[in-house]
Amino acid sequence: MSNIDGIEKTEFQQVQGIISLHRSKALQTVNNENLLTAWEVGAFVSIKLRDSVWGSKTVKQLSEYLRTQDPTLRGYSSRNIYNMVALYEAYSSIQFIDYQNKLKLNEFVQPLAAQIGNTIPLTTELIAQPMAAQYPNFLNLTTLTNHFEILNACKTAEERIFYVLYSYKERLNKRELQRCLRNNTFASLMGGDKHNLSKGLKDIYPQITPMLKDTIFVDFLGLPKKHSEKRLQNSILDNLKDFVLELGKDFLFYDKEYPLQVGNSVFKVDMLFFHRGLQCLVAIELKTGKFKPEYMGQLEFYLEALDRDVRRSNENPTIGILLCQEADQSVVEYAMSRSLSPTMIAEYERQLIPKEVLQRSLEEFTHFLNPKTKK
């Protein structure tokens with residue numbers, strides 16, 4: 001490519017930005033139309049099944065008919081048609097509508113008409129059922145494929161709403177979402193009162209609760225039951241992409257064993273990250289044993305050195321995460337209750353634990369993603 005000057009490069013980047021913007025809009029429009037199609041097909045078939053007009057054999061015949069009429073048509077197997085029915089029934093239920101109104105979920109997206117225009121095919125009028133529920137724009141936050149994964153894995157409206165919002169926030173693809181479903185990210189982020197956060201962390205970052213996990217699942221590291229901190233660190237570095245996905249996509253890896261010179265001594269932070277959402281450095285210290293209160297002094301010392309000598313003027317105070325193999329919750333609560341440094345304790349699990357369905361309000365997570373939903 002020939003040399004270009006600074007002005008031309010800036011102008012070229014503007015053209016690239018225009019292309020990227022409209023490409024993104026085109027993909028979003030396609031996704032919205034796929035979802036709307038699935039919703040209307042699901043509504044049509046649901047009503048037929050509900051009224052006992054159709055049976056399971058008829059759904060299979062419908063799938064075969066569609067394939068015969070248009071061999072290029074994909075995604076309308078009998079299984080997928082039942083997924084569309086599940087999509088319609090889950091998000092037209094009274095339980096979901098109550099949550100939708102309470103959490104103001106439709107404020108996350110523009111009205112559907114504004115997104116895809118007002119041109120609706122005339123055939124829609126022929127297939128729309130008078131008893132079908134209104135399409136919730138909230139569904140546009142993630143892909144149809146992701147919705148099917150969520151519906152098949154989650155039993156409650158709370159869980160489904162959470163994973164749609166989390167997919168939207170983290171821009172999760174199918175594989176990434178499947179992992180979050182397996183390791184019960186819902187429980188890790190939303191479960192119970194968080195005593196593992198220091199008073200200082202809560203004061204400096206009041207929005208922190210739905211952003212950092214209590215438990216980090218590291219099954220992908222293949223660690224033996226007994227392992228050293230060096231083995232843990234090296235395994236994380238070898239599987240950094242999966243580790244960052246487990247932490248959250250806002251984490252950017254900065255360095256390992258980051259040196260801190262204090263006086264005539266050099267100290268090393270096990271792992272240093274930067275968090276885009278919080279605009280701050282995040283120091284992670286690894287401990288393969290049980291949490292001990294004295295670990296906090298070392299971590300707080302590192303945070304002080306990072307804030308004094310490394311943090312830039314436009315960045316927020318550094319956060320410290322102590323990642324332990326095990327932690328007594330009572331000891332953690334005592335250790336964190338008076339700590340004024342922005343720190344937290346998290347446990348790592350070598351294997352995924354069985355998922356338990358949680359019953360919990362999603363107001364905090366919803367408000368974090370979209371402050372407009374606050375009352």
Side-chain angles (χ1 to χ4, degrees), residues 1-38 75 104-121 135-147 149-150 163-180 205 207-208 210-211 240-255 272-282 310-316 319 365-374:
M1 186 177 67
S2 60
N3 294 330
I4 55 177
D5 60 31
I7 296 177
E8 286 179 332
K9 184 176 181 179
T10 300
E11 293 172 343
F12 291 172
Q13 289 172 338
Q14 290 174 344
V15 173
Q16 182 183 14
I18 293 171
I19 295 170
S20 297
L21 173 64
H22 288 285
R23 177 182 292 176
S24 176
K25 286 185 176 181
L27 291 173
Q28 183 64 52
T29 299
V30 171
N31 182 60
N32 293 351
E33 285 292 348
N34 285 339
L35 282 162
L36 187 58
T37 301
K104 303 178 182 178
L105 296 177
N106 278 336
E107 291 190 13
F108 280 87
V109 289
Q110 298 175 359
L112 185 64
Q115 291 181 346
I116 63 175
N118 294 318
T119 57
I120 300 178
Y135 176 84
N137 300 334
F138 165 78
L139 298 184
N140 294 341
L141 292 178
T142 193
T143 64
L144 180 60
T145 301
N146 279 1
H147 277 297
E149 292 291 331
I150 292 168
Y163 283 111
V164 171
L165 294 174
Y166 195 69
S167 296
Y168 164 72
K169 174 183 176 292
E170 297 289 328
R171 298 293 185 260
L172 299 179
N173 59 34
K174 178 182 175 181
R175 184 187 69 83
E176 294 168 341
L177 172 62
Q178 286 174 332
R179 173 169 178 78
C180 290
Y205 297 99
Q207 78 277 33
I208 200 71
M211 301 177 75
L240 193 57
K241 182 178 180 180
D242 287 328
F243 185 69
V244 169
L245 175 61
E246 178 63 18
L247 289 176
K249 284 189 172 181
D250 274 345
F251 282 87
L252 301 175
F253 180 65
Y254 193 87
D255 202 358
L272 189 61
F273 289 82
F274 186 82
H275 195 283
R276 292 185 302 173
L278 298 172
Q279 287 293 293
C280 70
L281 293 167
V282 180
V310 180
R311 177 168 67 104
R312 296 179 178 177
S313 59
N314 62 320
E315 294 173 354
N316 294 315
I319 291 174
F365 188 67
T366 308
H367 293 163
F368 159 66
L369 290 181
N370 185 16
K372 292 189 298 182
T373 61
K374 289 183 179 179

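A quick note: this is a predicted structure, and the numbers were derived from the prediction, not measured.
Rounding to the nearest 0.5 angstrom, the gap separating the CG atom in Leu247 from the CG atom in Leu240 is 9.0 Å. The line from NZ of Lys104 to CZ of Phe138 is 16.0 Å long, rounded to the nearest 0.5 Å. Separation of atoms CG (Leu21) and CD (Gln16) is listed at 12.5 Å; rounding is to 0.5 Å. Separation of atoms CG (Asn32) and CG (Asn137) is listed at 8.5 Å; rounding is to 0.5 Å. Atoms OH and CD1, from Tyr163 and Ile150 in turn, are 9.0 Å apart once rounded to the nearest 0.5 Å.
Side-chain contact check for Thr143 versus Asn173: every heavy-atom pair is 4.5 Å or farther apart. Within the 4.5 Å cutoff, the side chain of Cys180 has heavy atoms near those of the Leu172 side chain. Put simply, the side chain of Leu139 reaches to within 4.5 Å of the side chain of His147, judged on heavy atoms. Side-chain contact between Leu272 and Val282 is absent, with no heavy-atom pair separated by less than 4.5 Å.
Nearest heavy-atom pair across Cys280 and Tyr205 is CB-OH, 3.5 Å. The minimum heavy-atom distance between Met211 and Gln207, with the atom names listed, is SD-O, 3.6 Å. Nearest heavy atom pair, residue Lys169 against residue Asp250, reads NZ-OD2, 4.0 Å. Minimum heavy-atom separation, Asn316 to Arg311: O-CD, 3.0 Å.
Just one of His275, Arg312, Glu315 meets the side-chain contact (heavy atoms from CB on, under 4.5 Å) condition when paired with Leu281; it is Glu315.
Between Asn140 and Tyr135, the side chains place a donor N or O and an acceptor N or O closer than 3.5 Å (distance only, hydrogens not considered).
Proximity of a side-chain donor or acceptor of Gln279 to a complementary backbone N or O of Arg276 within less than 3.5 Å is detected. Of the possible polar contacts, one joining the Thr29 side chain to the Lys25 backbone as a donor-acceptor pair under 3.5 Å is found. Put simply, the side chain of Asn146 never gets that close to the backbone of Leu177: no donor and acceptor are under 3.5 Å apart.
Between Phe273 and Phe253, a ring centre-to-centre spacing shorter than 6.0 Å is recorded.
Within a 6.0 Å sphere centred on NZ of Lys174, heavy atoms belonging to other residues, nucleotides or ligands number 12 at most.
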Please evaluate residues Arg171 and Glu176 with respect to the criterion salt bridge (Lys or Arg N to Asp or Glu O under 4.0 Å), reporting the C-alpha separation (whole Å), side-chain torsions for both, the decisive distance (0.1 Å), and the verdict. CA-CA 9 Å; Arg171 298 293 185 260; Glu176 294 168 341; over 6 Å; no
